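Here, residue 1 is the first one in the sequence, and each next residue gets the next number. Scope of the values below: all heavy atoms of this structure, side chains included, with no hydrogens, waters or symmetry mates. Just so it is clear, the structure is predicted and the values come from calculations on it, not from any experiment.
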Amino acid sequence: MQLCGHCGSEVKENFSVCSGCGANLRRSLWPVVIGGVVVVFGVAMLLDALLALTSDFSWAMRNGGIGCVVLAIGYLIFQSGWKKRWYRRNA
């Protein structure tokens, strides 16, 4: 048994709808999409830094550092949306 995150009533295992309040256990779509896009931008900046490594070292180090930070932020946004939470439409 697990507890509903919205009303606190017990919900049977492997059920995704609370019988007490009607809340759904689901993932949030927007943080997953936004986090995925930010991760792609972070990887693109890392690849840009790798390509710029042969011509300009300071440019490559700056883009590599920014790319690592952007990649980490994108991962955290993606992870927050991937975790299942209780949502209720009319509350």
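With contacts defined as side-chain heavy-atom distances shorter than 4.5 Å, the pair Val69/Ile73 qualifies.
Surrounding CD of Gln2 are more than 12 heavy atoms belonging to other residues, nucleotides or ligands, all under 6.0 Å away.
Applying the side chain to side chain donor-acceptor pair (under 3.5 Å) definition to pairs two or more places apart or across chains, those involving residues 31-48 are Asp48-Asn63.
Apart from Leu3 itself, the hydrophobic cluster it occupies contains nothing, where clustering links Ile, Leu, Val, Met, Phe, Trp and Tyr at side-chain heavy-atom distances under 4.5 Å.
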Validation: residues 15-42 side-chain donor-acceptor distances under 3.5 Å, sequence neighbours left out:
from, atom 1, to, atom 2, distance (Å)
Arg27, NE, Trp82, O, 2.8

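Listed by chain and number, the residues in a side-chain contact (heavy atoms from CB on, under 4.5 Å) with Leu76 are Gln79 (sequence neighbours excluded).
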